[in-house]
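Counting starts at 1 for both ligands and their atoms, following the listed order. Note that the numbering runs from 1 along the sequence shown for the chain.
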Amino acid sequence: MQLERILQKHGFGTRKGCRSLIRHHRVTVNSLACDDPFADFPVTDLIFTVDDISWPYCEHAALMLHKPTGYECSRKPQHHPSVLDLLPVPLRERGVQPIGRLDEDTTGLLLITDDGQLNHHLSSARRKVPKVYLATTKHAVDGEQIDKLLAGVLLNDEPAPIAAAAAEIAGEYLLRLTVTEGKYHQVKRMVAAAGNRVEALHRESVGELTLPADLQPGQWRWLSVADLEKLGYTV
Ligand code: URA
């Protein structure tokens, strides 16, 4: 693929803008300087840099973000900055978007991609991908609440009760809950329906993929092939 096209595909602006970056010696490919916008490269395992920042060639971008509080998951946020503001501009320009949404005050594992198939794979209600949340509660968690969550609670505007796939007491004021749907404020509403109240919410995992302990709030990282496999997605 021509270098100019590679840069454009990765969100570095128009063809003309990418050509200018290359001609101004701001780009390397596989560690070698290249100022020819029309030079052709095999894309397998290609790594390029722009202004010394490294980018792996990727047909689709797929990444995980440790979402901090105070960010909205919308591309057009209303009251807080968008989680997309935590990403480098070229990634945003590629048109990546969050897979599902976490509330502004929820923290934890958020997946972001421009791969429509991956998005569909994880969002499809039919697939019932488990999502594990750790909720800090206002009142002490007890067995009765757990039983209600496991048996199913009726939420407003839902035709039938929704049951947690798993629920356990994780501390006096801590509840670990697994849900397979992605309904609006689902965990907060389920916990309220079970007689408690969520004070803070953190998503620990999606499918078999757990938020890495060393990924700090606000930090992101590419999804590896192994990560995608944990999400049941093969490339
Ligand atoms: N359930 C909620 O209530 N909020 C979230 O952010 C995610 C799941």
Side-chain angles (χ1 to χ4, degrees), residues 63-87 96-113 118-139 141 145-146 148-171 173-212 215-220 230-231:
L63 52 112
M64 62 171 103
L65 171 76
H66 185 160
K67 182 193 173 295
T69 56
Y71 285 83
E72 293 182 27
C73 284
S74 163
R75 280 189 81 83
K76 291 194 178 136
Q78 299 197 313
H79 306 292
H80 301 272
S82 165
V83 285
L84 300 175
D85 292 346
L86 295 164
L87 304 178
V96 295
Q97 45 186 309
I99 303 178
R101 290 190 176 184
L102 293 177
D103 297 335
E104 170 272 317
D105 55 354
T106 300
T107 59
L109 180 61
L110 182 67
L111 303 172
I112 297 179
T113 190
L118 174 61
N119 197 329
H120 181 258
H121 174 87
L122 292 172
S123 313
S124 149
R126 201 169 39 85
R127 213 166 250 114
K128 293 186 179 303
V129 177
K131 284 147 291 237
V132 181
Y133 292 89
L134 189 64
T136 306
T137 55
K138 181 172 169 95
H139 311 290
V141 184
Q145 292 162 26
I146 299 288
K148 281 186 187 164
L149 288 164
L150 291 172
V153 287
L154 195 55
L155 305 180
N156 270 349
D157 299 332
E158 293 299 332
I162 298 184
E168 64 178 25
I169 301 175
Y173 296 92
L174 275 182
L175 168 66
R176 183 168 286 110
L177 195 68
T178 306
V179 298
T180 56
E181 306 81 1
K183 298 190 185 296
Y184 182 65
H185 291 335
Q186 181 172 342
V187 172
K188 291 174 184 165
R189 290 159 70 211
M190 286 178 73
V191 171
N196 205 330
R197 185 189 158 91
V198 172
E199 298 272 289
L201 190 60
H202 178 79
R203 183 154 74 187
E204 296 183 322
S205 61
V206 175
E208 298 293 311
L209 181 65
T210 300
L211 182 72
L215 193 66
Q216 301 304 316
Q219 287 185 335
W220 67 277
K230 288 181 186 166
L231 296 167

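In plain terms, the two heavy atoms of A167 and L177 that are nearest each other are CB-CD1, 3.7 Å. Shortest non-hydrogen contact noted between A170 and R176 is CB-NH1, 4.0 Å. For the pair H66 and Q216, the tightest heavy-atom approach, listed with the atom from each and the gap, is CB-O, 3.3 Å.
The shortest N/O to N/O separation between R189 and ligand 1 does not fall below 3.5 Å. Considering backbone and side-chain N/O of H185, one or more are found under 3.5 Å from N/O of ligand 1. For ligand 1, the polar-atom distance check against V187 finds a nitrogen or oxygen pair separated by under 3.5 Å. In terms of polar-atom proximity, D103 is counted as a contact of ligand 1, with an N or O under 3.5 Å from an N or O of the ligand.
Contacts between V198 and ligand 1 below 4.0 angstrom, taking non-hydrogen atoms only, are absent altogether.
When the shell of 6.0 Å around CD of E208 is examined, it contains 12 or fewer heavy atoms from other residues, nucleotides or ligands. The neighbour count for R197 CZ, taken as heavy atoms of other residues, nucleotides or ligands under 6.0 Å away, does not exceed 12. Within a 6.0 Å sphere centred on NE2 of H80, other residues, nucleotides and ligands contribute more than 12 heavy atoms.
Which parts of ligand 1 touch T106 is read off a 4.0 Å heavy-atom cut-off, strictly below it: atoms 4 (N), 5 (C), 6 (O). When each atom of ligand 1 is checked for a heavy atom of Y133 under 4.0 Å away, the hits are 7 (C), 8 (C).
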